[in-house]
There are 2 protein chains.
Amino acid sequence: MEGMVRFDEKDREILETLRKEGRITLTELGRRLGLSPASVKNRIDKLKELGAIRGFSAVIDPSFLERYVKVFMLLKLKAEDPDVDRVLSKFAALDNVQAVYRTTGRTQVLIIAEFEDMDEMKRFAGRLKGSLGSLLEYIEWGTIYDSLKECWVTTGKRGSFHGRKGGYI
Amino acid sequence: MEGMVRFDEKDREILETLRKEGRITLTELGRRLGLSPASVKNRIDKLKELGAIRGFSAVIDPSFLERYVKVFMLLKLKAEDPDVDRVLSKFAALDNVQAVYRTTGRTQVLIIAEFEDMDEMKRFAGRLKGSLGSLLEYIEWGTIYDSLKECWVTTGKRGSFHGRKGGYI
DNA sequence: GCTGAAATTCTGGAGTG
DNA sequence: CACTCCAGAATTTCAGC
């Protein structure tokens, strides 16, 4: 064998597998790849160092955390500014925020977050507006009432969320 | 003790922790909760049965899988129909699809997916249009060029994606 | 939910190609 | 440099309470 000079098919398989089975054992992963558990561990450590693996997560039904409102928000900015990412990082750190993406297109930010109720969502949106100030033009949003797939995990129908319509804030 | 008849604060902490540290050991989790590893395991098994835990996933930088284009798509439907979920389930099963959400608001579907290049994205969108036929009005989309947080994992800046603007298809 | 013991997995170092 | 082997450590699992 020539070793893992760069990045080979086995590394790719490790990444693909860990996405779908985040808690698979090194032994089982090694069995599938034809590698020893120690080699798999070496590769995973390397993949973390390289930044290929950012972390591990469980896919949780939010209603068990008493968060009955899941929403996506699209932020339309008036202007780009270094402050935007600074503000977004602050909100990204919140426990009820699942994802914060910077995007191209009509809007510039996509946020996915969960809330106990509509009031909490409104307060969140209010703080977002307050923090971004004149940089924000509007927030388009909608509730997420079903997840066919989430974080690479195919999820059967889950308990439905409140069926309130989205709109503009 | 009466056991885990329903769902208590420790279960909630397990779910919250597993979201952020999907590969934490039962021992460490038990240490934080003041429970034995065996108890933690029992609870996690129960939480899986209940559907609170849907699965586990690693957060991967897609560029290591040679997917250099990450996008979100918002599908505006002309009408609701049982076929919609059937078609969406088919696309949700694809390896390059991260999430498929059913939503309220101006659009009815939110998809997040990764592609090797723009051509592959276009083909995907084309198949989506073909499969949904007259049920689909339009797809609004944009590229995701930075993830401040994803699947509950705060991710530093990653390699930037192609900076092509989004639009309507 | 706990305990204790057995089975499995993980980890780090030495040796090999 | 990556791999395997191997032994010790840690974790997981399963029984009984």
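Each chain gets a letter, A, B and so on, in the order the sequences are listed, and its residues count up from 1. Nothing here was measured: the structure is a model prediction, and the numbers come from that model.
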Legend entry - Protein-nucleotide distance (A:N42, atom CG; C:dT11, atom P), rounded to Å: 11 Å
Inset, instruction - Starting at atom CZ of A:R43, determine the distance to atom P of C:dC10, rounded to an integer number of angstrom. - result: 17 Å
Legend entry - Closest-nucleotide 5' rank along DNA chain D - winner of A:R23 and A:V40: A:V40
Inset, instruction - Answer with yes or no after comparing the ring centroid distance for B:F64 and A:F7 against a 6.0 Å cut-off, counting only values under it. - result: yes
Inset, instruction - Could you tell me whether A:D83 and A:R86 make a salt bridge, using a distance below 4.0 angstrom between a side-chain N and a carboxylate O? - result: yes
Inset, instruction - Using a cut-off of strictly less than 4.0 Å, decide whether A:T25 has a side-chain nitrogen or oxygen near OP1 or OP2 of C:dT8. - result: no
Inset, instruction - Could you check how far CD1 of A:I44 sits from C1' of C:dT11, rounded to whole Å? - result: 13 Å
Inset, instruction - Could you tell me whether A:G34 contacts a base, only the sugar-phosphate backbone, or nothing, with contacts defined as non-hydrogen atoms closer than 4.0 Å? - result: sugar-phosphate
Inset, instruction - May I ask you to verify if any side-chain N or O of B:S39 is less than 4.0 angstrom from the OP1 or OP2 atom of C:dC2? - result: yes
Legend entry - Closest to the B:L35 side chain, choosing from D:dT12, C:dC10, C:dG1: C:dG1
Inset, instruction - Provide, to the nearest angstrom, the distance between the CG atom belonging to B:D45 and the P atom belonging to D:dT13. - result: 8 Å
Legend entry - Minimum-distance nucleotide (side-chain atoms of B:T27 versus C:dT9, D:dC14, D:dT12): D:dT12
Inset, instruction - State whether the side chain of B:D11 and the backbone N or O of B:D8 hold a donor-acceptor pair below 3.5 Å, judged by distance alone. - result: yes
Inset, instruction - Considering just the side-chain nitrogens and oxygens of B:S36, establish if one lies under 4.0 Å of OP1 or OP2 belonging to C:dC2. - result: yes
Inset, instruction - For this output row, return yes or no: ring centroids of B:F72 and A:Y101 closer than 6.0 angstrom. - result: no
Inset, instruction - Figure out the CG/P separation between A:L26 and C:dC10, and round it to whole Å. - result: 4 Å
Legend entry - d(CG, A:L47; P, D:dA2) in whole Å: 11 Å
Inset, instruction - Tell me whether the OP1 or OP2 atom of D:dT13 has a side-chain N or O from B:K41 closer than 4.0 Å. - result: yes
Legend entry - Whole-Å gap separating P (D:dT12) and CD (A:E28): 16 Å
Legend entry - Salt bridge A:R67-B:E16, side-chain N to carboxylate O under 4.0 Å: yes
Inset, instruction - Quickly work out the B:K10 NZ to C:dC2 P distance and round it to whole Å. - result: 9 Å
Inset, instruction - Counting heavy atoms from C-beta on, name the nucleotide in D:dT12, D:dT4, C:dC2 closest to the side chain of B:P37. - result: D:dT12
